[in-house]
Every structure is written in C-alpha cells, then in structure tokens.
2 protein chains.
Amino acid sequence: MRLSKRGEYGLRAMIILAEPVEKNAMPVVQIKEIAEREKISAKFLEQILLALKNAGMLHSKMGVGGGYYLARSASEITLGQIFRVLDGPIAPINCVSQMSYEPCGCPDEQTCGLRLVMGDVRNAIADILDNTSLADVTKRQNTVRKKLGIK
Amino acid sequence: MRLSKRGEYGLRAMIILAEPVEKNAMPVVQIKEIAEREKISAKFLEQILLALKNAGMLHSKMGVGGGYYLARSASEITLGQIFRVLDGPIAPINCVSQMSYEPCGCPDEQTCGLRLVMGDVRNAIADILDNTSLADVTKRQNTVRKKLGIK
DNA sequence: TAAAAGACTACTACTACTATAGACTTTATA
DNA sequence: TATAAAGTCTATAGTAGTAGTAGTCTTTTA
C-alpha cells in the first residue's frame, strides 16, 4: 500500500507551506528552500509543485522574491485532495473507487468478498485523509513539539 | 494506495479455497479451477499459490486428484497475513512500518506531521486486514447472498 | 539589464509488475 | 507400469510506472 515519492514529497511540501500562514510570516516559500530542508531534488519537487498549482491548490509568484503559497487557507486543503492529485485514487482496487470506479471483472461484484473488505479499507483511508487538513497537521506537529519541549 | 494484481489474485484464490471447508466439501482445489472461475492466467496464479505455500499458508497435493488446500482453518488465516506475503508491508511509508521499519530521512521523525498521519493510515488498514479472517470473508459473502436471495 | 525565480517539455535510467515458457517431479489409476 | 494429471521451480520478457535530470523559456524585481 505504498505512497509514492511524488506523493510523499508533495505532502511534505504542502505541510511546510502551511506553516508560515500560522505564524503570520511571509507566506511565499521557494522551491529551493523546501528542497534543502527536506533533502529532495529541487527539480523533481518543481514538477510536483507545478502539478499542485495546476490543480488549483497552490499559487505562485514568478521572479525575484517569488515562490509558492497556498491557494486556500490551510484548513480548507485536505491531505486527501493532495494525495489524489499526485497519486491518483485512494482505493486499493478500482471497483471500490468513489472517484474513478471501474469494474474489476470478478464473477459477481455484489457478493465479492474481496470487494467488500477493500471497500472498508478504502473508506478507512479516505476517512483519515479527507478529514485531515493541512491546518490539522501543523497543529498536531506543534502539540507534539510542546509535549517534547522542543523549540 | 494500490493492491497489486499479485495480491488481488492471491486474496481471491484464498477466499475460494476457504469456501469448501465451510461446506464440508472435498477441500482440494486445482489451480486451473480457480483460474477459470476468476478469469486469471493459470501460470501466473501458480506462482502466487506457490509463494503462499512456501509461506506456510497452503498445503498441496501433487498428481492426479491433487490441488491446494488451506494449511490452517479459515478462521486462523487473516487477510493481513496473505497481503504481507504477496505485497509486502502494509504501511504507506517505511518509517511507520511495524514489520519492516526504516527511517525515511525527514529532519525529525518524532515531530514529522506526515509520519503521524501515515501512522494512523497504517493502523487503520492493519486493523481491518489483521482482524479479518478468511472465515469472516466467506461468512460475509453468504450474508450478502442471503439478503439478495441468491443461490 | 542582469539575476532570481517559476513554467514547461523532453528524456532517461531503473525498477517492479504482470505475465509467459518450459522442463521437471510426484501421484493415481487403467 | 505407462500415462496423464497435477503441482514445482526457474528463467525470461514485455510493459508501465517511478524517480529523477536537463535544458530552455518566461516573468519579475532591483
């Protein structure tokens, strides 16, 4: 049940982009900065952020002092939205996908045991990803930091 | 969050192998029979069943009248066990894997927001797959069939 | 007008997935 | 005891997706 590197880097980047908003800091962050902080190839990250931009989740500013920033508030962007842009459907198998259903070719879909269980799995994952916003993530990070007495 | 064809076919086959036990029928089922019923390549399925056999989940009988049968009772084999043999770890990302942990290289694992959420996802999937046995699946199939008045 | 930033496209290396093929072994039974 | 039915095992091949590189273009600010 792998998350791709593309998905991983994209989610990490979005979480980073959600942080300054909370701190009321200058919200524009550059590719290079994220890449260095997460030790990721800047060129690869560039493609990922571009995809998120084209999906309407990020805005950008070109030229000197430019960079990326969230298109909506961190509480309005869910991990599920980001995931689907970068890694496609959440469902483990197409016949239980809400967003891109396809028959799987089993003899009888209605009574297919695998389908019933994978439907549960899909819902469990979607429940988490669709109900966790970037704001929830940064909030949780801060809670853990405080608990550990970091920063 | 894809389930591979290998995993899909293996799970389907195991569910089929769990059915005759319940019906007190002759428990030995041949590759060919499963392949035809599920419209799968018999040669591909062969490799999958062999892997499950080598993992101790299936026994087999060679020669005329031979075939495969469950090594343990259907209630003692979980979907999680089968999944791990065929598709590897359940965790979306290695740093939250129980069975095969590996650091993911993020600056601080303890306070990594992505890791916290993906840990939840891992647990949600594992909760389902590790607590669903083959017997649970066949039971559920029969419940649906009765409800629909099939067979 | 130069430098800093993103936009866009093409391409490449690698790996994993999905099979296919074939030769071999075991077993029942005619 | 010969034959056919079944699983065993290993090699290989095509394909698609993943992860990343490279290079050129465009926009913006100082």
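Note on naming: letters A, B, ... go to the chains in the order of the sequence lines (proteins, then strands), and numbering restarts at 1 for each one. Predicted model, so just to flag it, every value in this text is computed and none were measured.
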Side-chain atoms of A:Lys5 come closest, of D:dG20, D:dG23, C:dG6, to D:dG20
Rounded distance (Å) that lies between atom P of D:dT21 and atom CD1 of A:Ile48: 12 Å
On DNA chain C, does the nearest nucleotide to B:Val64 precede the nearest nucleotide to A:Ile31 from the 5' side, or the other way round? Give the residue. A:Ile31
For the pair made of CE in A:Met62 and P in C:dA4, what is the distance, rounded to whole Å? 16 Å
What nucleotide among C:dA19, D:dG20, C:dG6 has an atom nearest to a side-chain atom of A:Ser60? C:dG6
Measure from the side-chain N and O atoms of A:Asp87 to the backbone N and O of A:Ser4, and report whether any donor-acceptor pair falls under 3.5 Å. yes
Indicate yes or no for a side-chain donor-acceptor contact from B:Asp136 to the backbone of B:Ser133 under 3.5 Å, with no hydrogens or angles considered. yes
Measure CG/A:Leu52 against P/C:dA7 and give the value in whole Å, please. 12 Å
When you measure from the side-chain N and O atoms of B:Tyr68 to the phosphate of D:dA6, is any distance below 4.0 Å, counting only OP1 and OP2? no
Would you indicate, yes or no, if C:dA5 has its OP1 or OP2 atom less than 4.0 angstrom from a side-chain nitrogen or oxygen of A:Lys61? no
How long is the line joining CD1 of A:Ile40 and P of D:dA19, in whole Å? 12 Å
Which sits closer to the 5' end of DNA chain D, A:Gln47 or A:Gly63, going by the nucleotide each is nearest to? A:Gln47
Between A:Glu33 and A:Arg37 (salt bridge meaning N to carboxylate O under 4.0 Å), is one present in this structure? no
Nearest-nucleotide pick for A:Lys43, side chain only, options being D:dG23, C:dA23, D:dA19: D:dG23
If I take atom CG in residue A:Leu86 and atom C1' in nucleotide D:dG17, what distance separates them, rounded to the nearest angstrom? 15 Å
Using modelled atom types and a 3.5 Å cut-off, is there a donor and acceptor pairing between side-chain atoms of B:Arg12 and backbone atoms of B:Glu38? no
OP1 or OP2 of C:dT20 less than 4.0 angstrom from a side-chain nitrogen or oxygen of B:Ser41, does that happen here? yes
Determine, step by step, whether B:Asn94 and B:Ser97 satisfy the side chain to side chain donor-acceptor pair (under 3.5 Å) criterion, reporting the C-alpha distance in whole Å, the side-chain angles of both residues, the deciding distance to 0.1 Å, and the verdict. CA-CA 5 Å; B:Asn94 282 331; B:Ser97 175; 5.3 Å; no
Between B:Lys53 and D:dG7, is there a side-chain N or O to OP1/OP2 distance below 4.0 Å? no
Proximal nucleotide (of C:dG22, C:dA7, D:dA19) relative to the A:Leu50 side chain: C:dA7
Rounded to whole Å, please give me the gap between CD in A:Glu33 and P in C:dG6. 10 Å
Atom NZ of B:Lys32 to atom P of D:dA5: distance rounded to whole Å? 8 Å
Atom CZ of A:Arg2 to atom P of D:dA19: distance rounded to whole Å? 11 Å
